[in-house]
Amino acid sequence: MGERYNPSMTWHFTKMHGAGNDFIVLDGVRQEIRLTAERARKLAHRQFGIGADQILLVERPTRADADFRYRIFNADGGEVEHCGNGARCFVRFVHEQGLTDRNPVRAEICTGIIVLNEQDDGEVSVDMGRTSFEPAAVPFDPTGLTPRPDGQDSLWPLDVSVPGEPEKTVWVSVVGISNPHAVQVVDNVDTAPVAGIGPRVESHPRFPRRVNAGFMQIVDRHDIRLRVYERGAGETLACGTGACAAVAAGIRRGLLDSPVRVQTRGGVLTIAWDGEQLLMTGPAVTVFEGTIDIDRLLG
Ligand SMILES: N[C@H](CCC[C@H](N)C(=O)O)C(=O)O
């Protein structure tokens with residue numbers, strides 16, 4: 001896997017994006033990378049750092065059935081369970097950097113293994129692992145709430161009212177794609193109150209570890225438009241796990257049929273779900289490489 005370098009605190013990094021959801025990708029196999037929340041925040045800062053929605057750290061696996069360990073840090077410094085757009089960039093990165101020539105690649109995340117496959121057409125497909133609609137699987141407190149059955153799904157009422165404004169409740173599907181999602185259907189994503197309601201859902205007290213807030217517009221049974229106000233990053237141009245959560249919820253509500261084309265502001269993803277396996281396909285782009293002096297960054 002190549003010699004280890006960067007004895008100083010100079011880190012090599014690669015800037016990438018998946019449908020406009022942008023990342024700093026760090027090789028923690030050949031570099032000594034100790035990523036703290038503060039360092040993640042500084043690296044991700046759009047003015048004081050490199051700038052990104054998330055930081056992806058590639059490490060040696062801790063389990064024998066994985067090729068690498070895949071760690072994700074949001075722009076706010078929090079380490080999280082999964083990142084779908086990042087997974088596509090992850091496999092592009094390990095191939096481009098010569099860390100492996102295996103394809104597909106098995107990446108270890110906190111809830112198990114995801115399988116990443118670079119396709120001949122240049123897109124990347126990812127078996128996204130487990131999907132769960134059990135509120136217990138998502139850090140979510142349903143106490144005292146009465147869900148509204150909708151097809152095979154249940155919609156949960158979230159009170160997102162603020163003082164001085166009329167009472168406001170949104171009805172969401174609560175979905176676990178290893179990371180937590182609250183997905184609501186809207187008439188038009190362009191006019192949906194993502195900037196206003198998104199933060200209130202993201203930090204709602206019913207989600208003790210916060211949540212990714214999805215806003216889905218149904219175009220037809222195989223096509224949606226989606227915006228996501230992401231936990232720890234704000235609205236991004238695309239959210240891969242958010243696309244998976246929206247499609248799975250839409251299928252369970254009887255609104256969608258697999259596969260579904262997901263139009264995001266940064267590009268198009270394709271999600272297929274048979275009730276068990278969740279497959280996401282989409283782009284992965286390397287933008288530039290560079291080095292950064294961490295001591296100087298931290299000031
Ligand atoms: N903000 C997410 C992590 C990144 C997910 C997103 N960028 C994706 O492509 O899935 C969370 O806190 O769970």
Side-chain angles (χ1 to χ4, degrees), residues 14-25 44 46 50-56 70 72 74-75 80 82-96 107 114 116-128 175 177 179 181 183 185-186 188-192 194-195 198 212-251 256 258-273 278-289:
T14 299
K15 188 72 178 20
M16 304 182 78
H17 76 84
N21 183 195
D22 68 328
F23 311 107
I24 297 162
V25 190
R46 297 282 179 196
I50 301 167
D53 294 327
Q54 281 89 28
I55 295 166
L56 312 181
Y70 170 36
I72 304 106
N74 278 326
V80 292
H82 203 335
C83 176
N85 290 320
R88 300 196 310 277
C89 291
F90 184 102
V91 70
R92 174 72 35 88
F93 177 83
V94 296
H95 286 157
E96 285 183 345
I114 56 174
L116 321 171
N117 183 47
E118 276 212 86
Q119 300 178 161
D120 295 339
D121 65 0
E123 292 220 314
V124 180
S125 65
V126 182
D127 175 344
M128 291 290 286
V175 190
I177 311 288
N179 64 349
H181 291 268
V183 187
V185 171
V186 296
N188 184 328
V189 289
D190 294 328
T191 57
V194 177
N212 298 283
F215 298 78
M216 161 170 58
Q217 174 187 342
I218 309 284
V219 176
D220 65 37
R221 295 189 65 83
H222 289 281
D223 197 340
I224 65 171
R225 299 177 70 211
L226 180 70
R227 290 172 68 183
V228 180
Y229 189 93
E230 286 198 30
R231 176 179 61 171
E235 181 175 6
T236 56
L237 293 182
C239 179
T241 52
C244 295
V247 167
I251 289 171
L256 298 174
S258 179
V260 177
R261 178 173 179 266
V262 180
Q263 301 176 59
T264 76
R265 293 190 145 184
V268 178
L269 305 179
T270 301
I271 310 295
W273 187 57
L278 188 60
L279 281 176
M280 172 191 62
T281 305
V285 177
T286 299
V287 182
F288 64 88
E289 296 189 47

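Along the sequence shown, residues are numbered consecutively beginning with 1.
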Next item on the list: Please assess Leu256 against Met216 for the test side-chain contact (heavy atoms from CB on, under 4.5 Å), listing each intermediate value before the final yes or no.
Entry: CA-CA 11 Å; Leu256 298 174; Met216 161 170 58; 4.2 Å; yes

Next item on the list: Determine, stepwise, if the pair Val126 / Asn117 fulfils side-chain contact (heavy atoms from CB on, under 4.5 Å).
Entry: CA-CA 6 Å; Val126 182; Asn117 183 47; over 6 Å; no

Notebook entry, point to check: What do the steps show when you test Phe23 against Asn85 for side-chain contact (heavy atoms from CB on, under 4.5 Å), and what is the final call?
Noted result: CA-CA 9 Å; Phe23 311 107; Asn85 290 320; 3.6 Å; yes

Note to self: Before you tell me yes or no, could you show the steps for Arg265 and Asp190 under side-chain contact (heavy atoms from CB on, under 4.5 Å), namely the whole-Å CA-CA distance, both residues' side-chain angles and the distance that decides it to 0.1 Å?
What the structure shows: CA-CA 10 Å; Arg265 293 190 145 184; Asp190 294 328; 4.3 Å; yes

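Contact check for Val285 versus Met16: no side-chain heavy atoms found under the 4.5 Å cut-off. Within the 4.5 Å cutoff, the side chain of Phe90 has no heavy atoms near those of the Cys83 side chain. Two residues are said to be in side-chain contact when any heavy atoms from C-beta on lie closer than 4.5 Å; Cys89 and His17 fail this criterion. The shortest distance between side-chain heavy atoms of Thr281 and Gln119 falls below 4.5 Å. With contacts defined as side-chain heavy-atom distances shorter than 4.5 Å, the pair Thr270/Val260 does not qualify.
Phe215 meets the ring pair (Phe, Tyr, Trp, His ring centres under 6.0 Å) test with no other residue; sequence neighbours excluded. When the side chain to side chain donor-acceptor pair (under 3.5 Å) test is applied to Asp53, the partners found at least two apart in sequence or on another chain are Asn21, Arg46. Partners of Glu235 under the side chain to side chain donor-acceptor pair (under 3.5 Å) rule, at least two apart in sequence or in another chain, are Arg227.
Side-chain atoms of Arg92 come within 3.5 Å of backbone N or O of Ala284 as a donor-acceptor pair. Formation of a donor-acceptor pair under 3.5 Å by the Ser258 side chain with backbone atoms of Trp273 is found in this model. Looking at Asn74, its side chain does come within 3.5 Å of a backbone N or O of Arg231 through a donor-acceptor pair. A donor-acceptor pair under 3.5 Å links the side-chain atoms of His222 to the main chain of Pro259, judged by distance alone. The backbone N or O of Leu237 lies less than 3.5 Å from a partner atom in the side chain of Thr264, making a donor-acceptor pair. Between the Arg88 side chain and the Pro283 main chain, a donor and an acceptor come within less than 3.5 Å of each other.
Taking each heavy atom of Ala75 and Ala52 in turn, the nearest pair found is CB-O, 3.7 Å. The nearest pair of heavy atoms linking Leu269 to Ala19 is CD2-CB, 4.2 Å. When all heavy atoms of Cys244 and Met280 are compared, the pair lying nearest together is SG-CB, 4.1 Å. When all heavy atoms of Val228 and Gly242 are compared, the pair lying nearest together is CG2-CA, 4.3 Å. Considering all non-hydrogen atoms of both residues, Gly86 and Tyr70 come closest at C-OH, 3.1 Å. Closest of all the heavy-atom pairs between Val262 and Ala243 is CG1-CB, 3.9 Å.
Just one residue in the list Leu226, Leu278, Leu279 forms a side-chain contact (heavy atoms from CB on, under 4.5 Å) with Ile271, and that residue is Leu278.
Taking NE2 of His82 as the start and OG1 of Thr241 as the end, the distance is 7.0 Å to the nearest 0.5 Å.
With 3.5 Å as the limit, one finds a donor-acceptor pair spanning the side chains of His181 and Asn179.
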